[in-house]
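A short worksheet on the structure shown next.
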Amino acid sequence: EKGGYEHFMIKEIYEQPKAVRETMTGRVEKDNSGVEFEELKWIKEDVTAIKKIAIVACGTAYHAGIVGKYLIENLARIPVEVDVASEFRYRSPLIDDQTLTIVISQSGETLDTLAALKEAKKLGSRVLAVTNVVGSSIAREADQVIYTWAGPEIAVASTKAYTTQLIIMAMLAIYMGSLKGKLPPARVRELCQELRELPNHIYELLEDVEPIKTFAQQYGFNEDVFFLGRSLDYAVALEGALKLKEISYIHAEAYAAGELKHGTLALIIEGVPVIALATQKDVYEKMLSNIKEVKARDAVVIGIGLKGDNQIEKYVDHTIYIPATDKFLTPILSVIPLQLLAYYAAVTRGCDVDKPRNLAKSVTVE
Ligand code: F6R
């Protein structure tokens, strides 16, 4: 059932090119002219009526929501709030019939997310669910459903569900942006072309895992690891830290790199591993200064940069390059080495990778 792989998690990591491709099938138009969701069939007025979007989810799905906020705000110019479901429910959210609530859940059974969905409906909001499980409770309760076609995810740590959720967020942002007239057709075409290239890029990243395996073995016994990034890289840093914590039990913290000097820098001392993501051009120079800041305190830095970047390796100890793509799509690639790092760190430490302690695949209690 593991198809020759040692764990479900690594099998599912390797299934990502396929999962991502299937999630786009029939949605990204064959001629790259746009995105269509048969299950939505929205017209311009459906989108212009949305004054605000509230994204609600837990854990990894919440991290997909943070990326979704960036994408929807940038490409469709609609304000987006993101909340973890267990907070959203209790903060008396300001949502109404002009709000679209998007709930994201791999299993479709997470109790807090389901309760948040019901709360949103009660307040008059239309609810769109993004889930991987057909006929799940969340799919049944929502007004509309978009399925990720990741296939069954067995490992507790979510991998292919996350990348397919990111694909949905990107397609939804393009879909709404074009319906609203905010995205010129040439830009839509460019984004669609880049979307189509992603499975090959992921495949490429999965071909060369040896360096990551080596880092994981080298740093697998450190007590703390820091993940730094700005803008979309920060969203990915959050996911990288969660993945490492949940399966390898190494304490990991994700930090928006600009916040470092507001506290965390005190924890960066000699030998502390820092994973620094620097894939976003508009904040690249700022990120380099942050890298220099942690290097000055003798941290060991693994940089995640874009292929073709010939600067980053001058400032870090090791570099992992990801294929260059549209800046809004880089999270779908930059998360791959972080998933692998978590996996190999957990294997090195002899952890039960597929069933980490105290965690359940589907959280149906509060
Ligand atoms: C992390 C992980 C959890 C889930 C969270 C939400 O790897 O798997 O954080 O993402 O429990 O689960 P779903 O998406 O099923 O609602």
Side-chain angles (χ1 to χ4, degrees), residues 20 23-57 63-83 93-104 120 125-130 142-146 148 163-198 230-236 279-283 324-333:
V20 158
T23 299
M24 287 190 284
T25 301
R27 289 167 172 166
V28 175
E29 302 279 11
K30 285 209 173 69
D31 60 358
N32 292 333
S33 60
V35 168
E36 183 52 87
F37 282 102
E38 278 297 311
E39 53 278 74
L40 301 186
K41 284 227 158 60
W42 285 349
I43 53 167
K44 185 180 178 136
E45 286 65 34
D46 289 305
V47 184
T48 48
I50 303 169
K51 296 292 170 253
K52 187 174 88 176
I53 293 177
I55 300 183
V56 189
H63 295 156
I66 298 176
V67 173
K69 172 184 165 73
Y70 272 93
L71 269 47
I72 295 169
E73 289 191 340
N74 274 282
L75 300 173
R77 307 307 286 165
I78 302 169
V80 183
E81 287 175 3
V82 196
D83 279 273
L94 288 169
I95 60 169
D96 54 25
D97 57 0
Q98 298 191 312
T99 311
L100 171 70
T101 301
I102 303 178
V103 295
I104 310 174
S125 170
R126 185 150 57 106
V127 179
L128 169 63
V130 176
D143 298 305
Q144 287 185 299
V145 188
I146 297 178
T148 46
T163 39
T164 54
Q165 285 159 0
L166 295 188
I167 290 286
I168 298 288
M169 290 299 119
M171 291 192 299
L172 207 48
I174 299 168
Y175 182 65
M176 293 195 287
S178 10
L179 279 172
K180 261 188 90 175
K182 291 285 172 194
L183 275 180
R187 179 72 179 118
V188 171
R189 188 173 302 274
E190 199 174 76
L191 283 160
C192 289
Q193 273 161 356
E194 292 296 342
L195 272 171
R196 246 179 230 290
E197 285 304 314
L198 290 173
R230 285 171 176 261
S231 74
L232 279 170
D233 283 338
Y234 171 51
V236 177
T279 74
Q280 297 294 307
K281 283 214 175 77
D282 33 0
V283 288
T325 180
D326 194 276
K327 70 170 179 180
F328 294 121
L329 305 179
T330 52
I332 299 159
L333 301 178

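Just so you know, residue 1 is the first one in the sequence shown, and it goes up from there.
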Minimum side-chain heavy-atom gap [X]-[Y] below 4.5 Å:
X	Y	answer
Ile66	His63	yes
Thr163	Leu198	no
Ile168	Arg27	yes
Glu81	Leu94	no
Ile53	Met176	yes

Let me see the working for Asp96 and Lys51 under side-chain contact (heavy atoms from CB on, under 4.5 Å), right down to the final yes or no.
CA-CA 10 Å; Asp96 54 25; Lys51 296 292 170 253; over 6 Å; no
Can you name the closest pair of heavy atoms from [X] and [Y] and give their distance?
X	Y	value
Gly34	Cys192	O-SG, 3.7 Å
Ala64	Met169	O-CG, 3.8 Å
Val20	Thr164	N-CG2, 4.0 Å
Ala129	Ala142	CB-CB, 3.5 Å

Those residues that, when tested against Thr48, pass side-chain hydrogen bond (donor to acceptor under 3.5 Å, both in side chains) (two or more places apart):
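Counting only residues at least two positions away or on another chain, Thr48 forms no side-chain hydrogen bond (donor to acceptor under 3.5 Å, both in side chains).
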Partners meeting side-chain hydrogen bond (donor to acceptor under 3.5 Å, both in side chains) with Glu45 (sequence neighbours left out):
none
Please check if the side chain of [X] supplies one atom and the backbone of [Y] the other of a donor-acceptor pair under 3.5 Å.
X	Y	result
Ser125	Thr99	yes
Asp233	Thr279	yes
Gln280	Lys327	yes
Glu39	Gln144	no
Arg189	Pro184	no
Asp83	Val56	no
Tyr175	Trp42	yes
Arg196	Val28	yes

Test: salt bridge (Lys or Arg N to Asp or Glu O under 4.0 Å). Region: residues 171-188. Which pairs qualify, not counting sequence neighbours?
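Only Arg187-Glu190, Arg187-Asp326 qualify under salt bridge (Lys or Arg N to Asp or Glu O under 4.0 Å).
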Looking at Leu71, Leu128, Ile167, Val35, which one forms a side-chain contact (heavy atoms from CB on, under 4.5 Å) with Leu172?
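The passing option is Leu128.
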Drop me the distance from [X]'s [atom1] to [Y]'s [atom2], to the nearest 0.5 angstrom.
X	Y	atom1	atom2	result
Leu179	Leu40	CG	CG	9.5 Å
Arg126	Ile102	CZ	CD1	10.0 Å
Leu191	Leu183	CG	CG	7.0 Å
Lys52	Thr101	NZ	OG1	8.5 Å
Thr25	Lys30	OG1	NZ	9.0 Å

Looking just at side-chain N and O atoms, do Thr325 and Glu197 make a donor-acceptor pair shorter than 3.5 Å?
no
Ile43 atom CD1, over 12 foreign heavy atoms within 6.0 Å:
yes
Go through it in stages, so that I can follow the logic: the residues are Leu195 and Ile174, the test is side-chain contact (heavy atoms from CB on, under 4.5 Å), and I'd like the CA-CA distance, side-chain angles, deciding distance and then a yes or no.
CA-CA 11 Å; Leu195 272 171; Ile174 299 168; 3.8 Å; yes
